[in-house]
Amino acid sequence: MSGITVIGVAAVTMVIATIVTASPYTCHAMINNNHHQQLHPIILIPGAGGNQLEARLTTEYKATSLLCNRFYPLNKDKEGWFRMWFDIGVLLAPITECFADRMTLYYDQQVDDYKNARGVETRVSQFGSTQSLLYLDPSFKHITSYMEPLVESIQQLGYKDSQNLFGAPYDFRYGLAPEGHPCNVGTTFLENLKHLVENASNANDGAPVILVSHSLGGLFTLQLLNRNPPAWREQYIKHFIALSAPWGGTVDEMLTFASGNALGVPLVNPLLVRNEQRGSESNLWLMPRRKQFPLETPLVVTPNSTYSSFDISRFLKDIGFEEGVHPYETRILPLVEKLAAPRVPVTCIFGNGVSTPETLYYGEDGFDKQPEIAYGDGDGTVNIASLLALEDEWKDEKDQKLKVIKLAGISHTNILKDDTALAQIIDEISTINSDVSSSPFVSSSRK
Ligand SMILES: *[C@@H]1O[C@H](CO)[C@@H](O)[C@H](O)[C@H]1NC(C)=O
Ligand SMILES: *[C@@H]1O[C@H](CO)[C@@H](O)[C@H](O)[C@H]1NC(C)=O
């Protein structure tokens, strides 16, 4: 999620014995998966920080320091592109500052949209392939591995990259906006994703697609579904599997905005990256949502005041990020007001029973100092109420299939690596593939 923690979690390889609380499926689904059965194409939508991002500096760019210009980046291609996210080298303090400066987004009130830092162009590489989702820094595959273990497990079912298995990398710093607000980068991503869904289906005899998201990717995917007509969803979407989706935001995000998040690495000073993290539109999208964090629950406590999810504007002002108030009120609040049911089958899989920040206590020293934290249930990053939000939101929806699988002791990113978690995800994919009740090829014969 706050993408940036992806690294830290990856660096600390955790092996936790787990008890799976979900009722395991029988194995016949696996056995059914022989070579004769056609597989539904799968598209992976990563979380924030979950794919590589490339950048190029134009003549308008002004470096923060001489050092920055000379030593970062060390390698560029002929056209000046370099991998900005991620490069292990930026963990060196002077470079961290420079990196954060280039990664920062700005909200432009005149055009009512977010934009890159002046003189910085960005792009994702290999849209459609899983390549840029596997590792964040290919020079350090082991410690920056992201979706590699999941992709490998999926490939063992017979899936092949760019044939029936696809990846949808995006510029995860940007979010989406409600209708009536410009949102160039986010809506372009949704259009590309829509075309990828159609292409994936067309390339596989018209079989509808299984969407598998992680974290923030789930919020984008739900928007994709709800922004396309029911007939489109029926033709192209078989199932939506959302892993670790922070439907109702997180308290952890308030910590990121107030005091920065150290890229998950103890050596990095969180204040060096705080400004960049505050600028991110998708981070703002993940502020605690009112329905999951009720009025009477204090999320942040200081000697001066107390803040609940109803006080986010005042919180942004008090931490010294008043620029965030207008986009939060006009773009984020209306966007998160409703989590509409897409009427395609949805499975939420997530960890629970991991200590997750629930209340932040700041002392006299203010927000520059890391707070004392009271922990509650969740996946270590996302609070349990947020992970469970769809159950509550859709309880009266008659035509919405929703299945929830909880994995005890599995953390937010470990869900993509832990063997027990991977087995559950693969089992769910196999079950979906062996479901002929709504035959995958009905839709193709109807065309
Ligand atoms: C979809 O396929 C068309 C035709 O092959 C191609 O031009 C386009 O780039 C593809 N789009 C995506 C998002 O895969
Ligand atoms: C509380 O208020 C004092 C005085 O206005 C200020 O110096 C301090 O930074 C504030 N602390 C917090 C955590 O808001």
Side-chain angles (χ1 to χ4, degrees), residues 38-56 77 79 81 83 85 121-134 146-148 150-151 154-155 157-177 182-242 282 342 344 429 432-433 440-441 443-447:
Q38 176 154 11
L39 298 164
H40 287 272
I42 292 179
I43 298 178
L44 299 172
I45 304 101
N51 58 254
Q52 297 166 26
L53 193 63
E54 297 181 345
R56 176 163 77 172
D77 75 6
E79 291 168 331
W81 291 100
R83 187 174 7 84
W85 184 264
E121 289 177 13
T122 47
R123 69 176 187 190
V124 298
S125 62
Q126 297 176 285
F127 187 82
S129 160
T130 60
Q131 280 304 310
S132 79
L133 282 46
L134 302 177
Y146 178 62
M147 278 199 175
E148 196 275 332
L150 175 64
V151 166
I154 293 175
Q155 284 173 337
L157 292 176
Y159 280 93
K160 293 207 165 55
D161 189 42
S162 302
Q163 289 180 22
N164 53 5
L165 176 60
F166 303 87
Y170 58 102
D171 190 335
F172 46 81
R173 302 169 302 159
Y174 288 87
L176 287 172
C183 184
N184 184 31
V185 175
T187 45
T188 302
F189 167 58
L190 282 198
E191 271 166 38
N192 293 339
L193 182 52
K194 180 187 181 193
H195 290 136
L196 183 59
V197 167
E198 294 169 358
N199 284 6
S201 176
N202 292 339
N204 287 274
D205 298 331
V209 170
I210 303 171
L211 299 166
V212 180
S213 67
H214 179 238
S215 193
L216 176 71
L219 276 63
F220 274 96
T221 303
L222 185 60
Q223 293 281 334
L224 167 84
L225 296 174
N226 286 327
R227 289 177 188 209
N228 282 289
W232 184 88
R233 295 186 295 237
E234 200 186 323
Q235 179 176 353
Y236 289 111
I237 308 298
K238 174 71 176 168
H239 205 104
F240 170 25
I241 301 177
S282 56
V344 304
I429 291 171
I432 293 163
N433 269 314
F441 308 110
S443 54
S444 68
S445 59
R446 226 186 335 195
K447 280 193 291 185

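Start at 1 and go down the list; that is how both ligands and their atoms are numbered.
- For Phe166, there are no ring pair (Phe, Tyr, Trp, His ring centres under 6.0 Å) partners two or more places apart in sequence or in a different chain.
- Taking the side-chain hydrogen bond (donor to acceptor under 3.5 Å, both in side chains) definition, one finds that Glu198 meets it with Trp232, sequence neighbours left out.
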Distances for all N or O pairs of ligand 1 and the protein under 3.5 Å?
residue  : atom   : partner : partner atom : Å
ligand 1 : 2 (O)  : Asn199  : OD1          : 3.2
ligand 1 : 2 (O)  : Asn199  : ND2          : 2.2
ligand 1 : 11 (N) : Asn199  : ND2          : 2.9
ligand 1 : 14 (O) : Asn199  : ND2          : 3.0

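- No donor-acceptor contact under 3.5 angstrom links the side chains of Ser132 and Asn51, judged on distance only.
- Checked by atom type and distance alone, the side chain of Arg233 pairs as donor or acceptor with a backbone atom of Leu225 at under 3.5 Å.
- Ionic pairing of Arg83 and Glu54 is not present here: no N-O contact between side-chain nitrogen and carboxylate oxygen is shorter than 4.0 angstrom.
- With sequence neighbours excluded, no residue forms a side-chain hydrogen bond (donor to acceptor under 3.5 Å, both in side chains) with Gln131.
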